[in-house]
Amino acid sequence: MDFAGAYTPDHIKFLLEGFWVTIQVAFVSIILSFIIGGLVGIIRYAKVPVLSQILAMIVETVRNLPLLLIIFFTYFALPEIRIKLEIIPAAIVALTIFESAMLSEVIRSGLKSVDKGQMEAARSSGLSYVQALIHIILPQALRRMVPPIVSQFISLLKDTSLAVVISLPELTHHGQIIYGQSQKFLIPILILVALMYFVVNYSLSIVAQRLELKRT
């Protein structure tokens, strides 16, 4: 093991560049999946005729597929139907599809956890269904959903490493390039890569725990 040779300024900089790509891909995927997953979860909670059944089928299908397969599909299969995506957009699309399905279930479950009497009381006070959902149900549900949502975001950040199969220039990919230069770099680089993931994910988990404590 050559820690001194592995931890040169150039190698550290290269890893940080890959980690920045990881953060960017994860951030965009998180925003998109939260929006899409939120809409899907609300529609399924509201039981919109036909649409909620279609979305339920799509969600269950995606949730039971490996993320790696979805990544392969977006990058290698979509060009067959003339939809060609570059590496970073393909990774974002795949992660967004997968995470949207996961988050939609979190959000739907969070909404269902609110006592039905809350909706009935809101409706009896003159609010429409949508108004009651926005002003009464959602605020209560969000407080309960924050910890599991943060946990999903942590999973998504880690899942970006799977996009190494399509050569996404993220942290794991850059780590492979470095330890590919010498077998002596393998363990030092893997330790550093693991440490970078750990610092960010552990920080997010602490946030989730504190939010959970505040809720209780």
Side-chain angles (χ1 to χ4, degrees), residues 6 11-38 40-41 57-81 83-107 147-181 183 185-205 207-208:
H11 287 170
I12 300 296
K13 180 183 177 183
F14 191 58
L15 286 176
L16 289 174
E17 288 172 354
F19 197 40
W20 177 236
V21 172
T22 294
I23 297 296
Q24 287 179 305
V25 169
F27 179 77
V28 174
S29 301
I30 284 169
I31 297 299
L32 292 176
S33 60
F34 184 71
I35 294 170
I36 297 171
V40 172
M57 291 176 58
I58 294 172
V59 167
E60 288 306 311
T61 300
V62 172
R63 289 179 67 221
N64 287 285
L65 292 176
L67 175 56
L68 194 58
L69 179 62
I70 298 174
I71 293 173
F72 274 124
F73 184 84
T74 56
Y75 189 67
F76 294 112
L78 287 183
E80 297 297 319
I81 55 174
I83 302 175
K84 182 170 176 56
L85 299 173
E86 297 300 322
I87 292 173
I88 291 179
I92 290 172
V93 168
L95 288 166
T96 299
I97 291 171
F98 186 77
E99 200 61 29
S100 293
M102 297 299 181
L103 281 176
S104 70
E105 280 300 289
V106 171
I107 291 168
I149 286 174
V150 173
S151 295
Q152 283 299 133
F153 290 165
I154 292 172
S155 297
L156 188 148
L157 183 64
K158 292 184 290 186
D159 287 343
T160 57
S161 62
L162 293 174
V164 70
V165 297
I166 58 172
S167 299
L168 178 71
E170 46 77 60
L171 179 58
T172 304
H173 180 264
H174 280 206
Q176 286 182 333
I177 291 174
I178 295 172
Y179 64 68
Q181 299 171 9
Q183 194 65 21
F185 296 164
L186 177 60
I187 293 178
I189 291 299
L190 287 179
I191 289 173
L192 186 55
V193 168
L195 182 62
M196 292 170 120
Y197 277 119
F198 175 79
V199 168
V200 175
N201 289 328
Y202 185 65
S203 299
L204 288 173
S205 67
V207 171

> Quick one: NE2 on His173 to CD1 on Ile87, what's the gap to the nearest 0.5 Å?
Replying inline: 7.5 Å
>> Tell me every residue that passes salt bridge (Lys or Arg N to Asp or Glu O under 4.0 Å) with Glu60, counting only those two or more places apart in sequence or in another chain.
In response: Arg63
Distance-only check: which donor-acceptor pairs under 3.5 Å involve side-chain atoms of residues 157-167, not counting sequence neighbours?
{"from": "Thr160", "atom 1": "OG1", "to": "Leu157", "atom 2": "O", "distance (Å)": "2.6"}
{"from": "Ser161", "atom 1": "OG", "to": "Lys158", "atom 2": "O", "distance (Å)": "2.7"}

>> With rounding to the nearest 0.5 angstrom, report the CG to CZ distance, Leu15 to Phe19.
In response: 10.5 Å
> To the nearest 0.5 Å, how far apart are NE2 in His11 and CD1 in Ile177?
Replying inline: 10.5 Å
>> Once rounded to the nearest 0.5 Å, what's the spacing between atom CD1 of Ile187 and atom CG of Leu192?
In response: 14.0 Å
> Among all residues two or more places apart in sequence or in another chain, which pass the side chain to side chain contact (heavy atoms under 4.5 Å, CB included) test with Phe73?
Replying inline: Ala77, Leu78
Show me, pair by pair, the donor-acceptor contacts under 3.5 angstrom made by side chains of residues 89-100, not counting sequence neighbours?
{"from": "Thr96", "atom 1": "OG1", "to": "Ile92", "atom 2": "O", "distance (Å)": "2.6"}
{"from": "Glu99", "atom 1": "OE2", "to": "Gln152", "atom 2": "NE2", "distance (Å)": "2.6"}
{"from": "Ser100", "atom 1": "OG", "to": "Thr96", "atom 2": "O", "distance (Å)": "2.6"}

> Which heavy atom in Ser205 sits nearest to a heavy atom in Ile154, and how many Å separate them?
Replying inline: N-CD1, 3.5 Å
> Looking at residues at least two apart in the chain, or sitting in another chain, which of them share a ring-ring contact (aromatic ring centres under 6.0 Å, His included) with Tyr197?
Replying inline: none
> Do you know the tightest heavy-atom contact between Gly38 and Ile107?
Replying inline: CA-CD1, 3.3 Å
>> Please give me the minimum heavy-atom distance between Leu204 and Val150, naming the atom from each residue.
In response: O-CG1, 3.4 Å
> Looking at residues at least two apart in the chain, or sitting in another chain, which of them share a side-chain hydrogen bond (donor to acceptor under 3.5 Å, both in side chains) with Tyr179?
Replying inline: none
> OG/Ser29 to CG/Leu156 distance, rounded to the nearest 0.5 angstrom?
Replying inline: 5.5 Å
> Got a second to check how far Leu190's CG is from Gln176's CD, nearest 0.5 Å?
Replying inline: 9.0 Å
> What pairs of residues pass the side-chain hydrogen bond (donor to acceptor under 3.5 Å, both in side chains) test when at least one of them lies in residues 67-80, not counting sequence neighbours?
Replying inline: none
>> So which atom in Ala101 and which in Val59 form the shortest heavy-atom distance, rounded to 0.1 Å?
In response: O-CG1, 3.7 Å
> Can you name the ring-ring contact (aromatic ring centres under 6.0 Å, His included) partners of His174, sequence neighbours left out?
Replying inline: Phe14
> ring-ring contact (aromatic ring centres under 6.0 Å, His included) with Phe198: which residues, sequence neighbours excluded?
Replying inline: Tyr202
